[in-house]
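As the structure is a computational prediction, the values presented were derived from the model and not from experiment. Below, each value reflects all heavy atoms present in this structure, side chains not excepted, and no hydrogens, waters or symmetry copies.
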Amino acid sequence: MALISCPECQKKISDQSTSCPNCGYPLNESKIIVKRPQGCFMQTLNIGCMIILIIGAVLFVVMAIGAYGVNKQKQKKNEINKEKIETEK
């Protein structure tokens with residue numbers, strides 16, 4: 001065990017101290033690793049991502065309904081045009 005100087009207050013302290021007993025300056029900081037709790041997918045999913053997914057799904061459904069409606073209108077126009085052509089003959 002050796003004595004070192006505190007970088008903050010310059011007092012002599014043990015090299016194995018985690019903080020200076022005089023001023024409280026932290027020494028030998030170890031990184032704290034916080035593990036996320038294991039859980040179901042919905043608990044760990046970020047709420048922002050969930051909102052984006054919901055908006056995307058709604059837009060997809062709206063576009064699919066719109067495309068279906070446009071296709072139906074084109075089919076009706078084609079049928080009307082065919083009937084006009086047949087009646088003109």
Side-chain angles (χ1 to χ4, degrees):
M1 180 170 94
L3 293 177
I4 59 170
S5 294
C6 172
E8 187 72 19
C9 67
Q10 304 304 321
K11 297 277 184 174
K12 296 290 182 185
I13 57 173
S14 169
D15 64 346
Q16 296 181 0
S17 297
T18 56
S19 64
C20 176
N22 185 49
C23 68
Y25 185 81
L27 304 169
N28 300 333
E29 283 188 32
S30 60
K31 293 182 181 179
I32 299 172
I33 299 173
V34 178
K35 290 187 177 181
R36 290 186 180 178
Q38 296 288 330
C40 76
F41 176 73
M42 294 306 292
Q43 290 175 342
T44 58
L45 184 65
N46 185 348
I47 192 70
C49 292
M50 182 58 100
I51 290 171
I52 290 172
L53 288 173
I54 290 171
I55 291 171
V58 168
L59 286 175
F60 177 77
V61 169
V62 168
M63 289 173 52
I65 291 171
Y68 178 75
V70 168
N71 191 24
K72 278 289 210 184
Q73 288 177 349
K74 285 183 180 180
Q75 285 179 349
K76 284 183 181 180
K77 285 182 182 179
N78 286 341
E79 289 175 7
I80 293 171
N81 287 339
K82 285 181 184 177
E83 288 175 5
K84 284 182 181 178
I85 292 172
E86 290 176 4
T87 56
E88 290 176 357
K89 287 184 180 179

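In this structure, the side-chain contact (heavy atoms from CB on, under 4.5 Å) partners of P7, at least two apart in sequence or on a different chain, are Y25, L27. Residues that satisfy the side-chain contact (heavy atoms from CB on, under 4.5 Å) test with I4, not counting sequence neighbours, are I13, D15. Residues that satisfy the side-chain contact (heavy atoms from CB on, under 4.5 Å) test with S5, not counting sequence neighbours, are Q10, K12.
In terms of heavy-atom proximity, S19 sits nearest to G24 at CB-O, 4.0 Å. The two residues C20 and C9 come nearest to each other via the heavy atoms SG-SG, 3.7 Å.
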Donor-acceptor list for residues 53-81 side chains, cut-off 3.5 Å, not counting sequence neighbours:
residue, atom, partner, partner atom, Å
N78, ND2, K74, O, 3.4
N81, ND2, K77, O, 3.4

